[in-house]
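Numbers for residues simply follow the sequence, beginning at 1. Being a predicted model, the structure only gives us computed values, none of them experimental.
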Amino acid sequence: MLQIRKLVTTREVIYSELGVAAPRPVIRAIGLAVIGNPFAGKFVDDLRPLFEAGAELGERLMPELVKLLDGPAVSYGKGAIVGVQGEMEHGGACVHPMLGKPMRAAIGGGKAVIGSNVKVAPPGTILDVPLGHKDDSWSFAHFDTVTVSIADAPRPHEILVAVVIADGGRLNNRCGSAPIR
């Protein structure tokens with residue numbers, strides 16, 4: 001059974017960068033969950049309980065995050081920090097096999113892979129969650145990063161799982177829309 005220790009949701013509104021106003025504010029909705037790691041301190045082959053934990057967290061967090069946006073979600077990302085008694089694969093199990101389905105369901109689809117970042121680290125470590133356009137993996141304007149952390153998490157026997165959605169890309173994109181050849 002999933003042991004949720006903490007849930008944090010927040011809304012970030014970006015109005016300008018370097019004094020240049022955005023054509024419209026970009027909203028990012030961030031959901032963080034701290035859960036117990038049932039496999040802390042031991043190696044196991046079957047990580048399915050963590051697959052299911054990822055799906056459950058997506059189902060719980062995503063409807064709240066969608067409500068925090070002013071418009072439809074156009075980009076997304078996910079990630080995890082595993083406490084030091086766990087292994088990177090524990091975070092991957094939370095974010096890869098089953099978390100994407102409830103993320104896509106909540107925002108009305110998504111053809112592109114959901115970018116992710118996973119690491120093992122002590123409490124208070126920051127995680128850079130990559131964002132990309134939900135349908136166009138080559139949309140340069142939507143390549144972005146949201147940095148998250150919780151001061152007291154993850155403890156050694158915990159996993160911090162992050163999901164992020166946004167209703168716009170980077171402000172004032174000047175990197176073009178395709179690779180230069």
What about [X] and [Y], same hydrophobic cluster or not, with Ile/Leu/Val/Met/Phe/Trp/Tyr joined at side-chain heavy-atom distances under 4.5 Å?
| X | Y | value |
| --- | --- | --- |
| V13 | V66 | yes |
| I30 | L68 | no |
| V44 | V118 | yes |
| L127 | L7 | no |
| M62 | M98 | yes |

Nearest non-hydrogen partners of [X] and [Y], listed with the distance:
| X | Y | answer |
| --- | --- | --- |
| D46 | F39 | O-CZ, 3.7 Å |
| G86 | N37 | CA-ND2, 3.9 Å |
| D152 | P123 | C-CB, 3.8 Å |
| G169 | V26 | O-CG2, 3.7 Å |
| L61 | A33 | CD1-CB, 4.2 Å |

Hey, are the side chains of [X] and [Y] touching, using non-hydrogen atoms and a 4.5 Å cut-off?
| X | Y | value |
| --- | --- | --- |
| K67 | E64 | no |
| N117 | P130 | yes |
| T9 | L65 | yes |
| F43 | E87 | yes |

For [X], check side-chain contact (heavy atoms from CB on, under 4.5 Å) against everything at least two apart and list the hits.
| X | answer |
| --- | --- |
| E12 | I14, R28 |
| L2 | I4, I35, A53, E56, L57 |
| F143 | F140, R170 |

Item to check | With E52 via side chain to side chain donor-acceptor pair (under 3.5 Å) - residues at least two apart | outcome: R48
Table please: side-chain donor-acceptor pairs of residues 76-85 below 3.5 Å, with sequence neighbours left out.
residue, atom, partner, partner atom, Å
Y76, OH, A112, O, 2.4
Y76, OH, K134, O, 3.1
K78, NZ, V95, O, 2.6

Checklist entry - Going by the angle between their ring planes, with limits at 30° and 60°, are H142 and H133 parallel, tilted or perpendicular? => result perpendicular
Considering only distance and modelled atom types, tabulate donor-acceptor pairs under 3.5 Å from the side chains of residues 155-165, sequence neighbours left out.
residue, atom, partner, partner atom, Å
H157, NE2, R5, NH1, 3.4
E158, OE1, R155, N, 2.8

Next on the checklist: To the closest 0.5 Å, what do you measure between OG (S75) and CG (D136)?
Outcome noted: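 Taking OG in S75 and CG in D136, the distance rounds to 12.0 Å.
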Checklist entry - What's the spacing between C94 SG and L99 CG if we round to 0.5 Å? => result 8.5 Å
Checklist entry - Any ion pair linking D70 and R11 (charged N to carboxylate O, less than 4.0 Å)? => result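 A salt bridge links R11 with D70.
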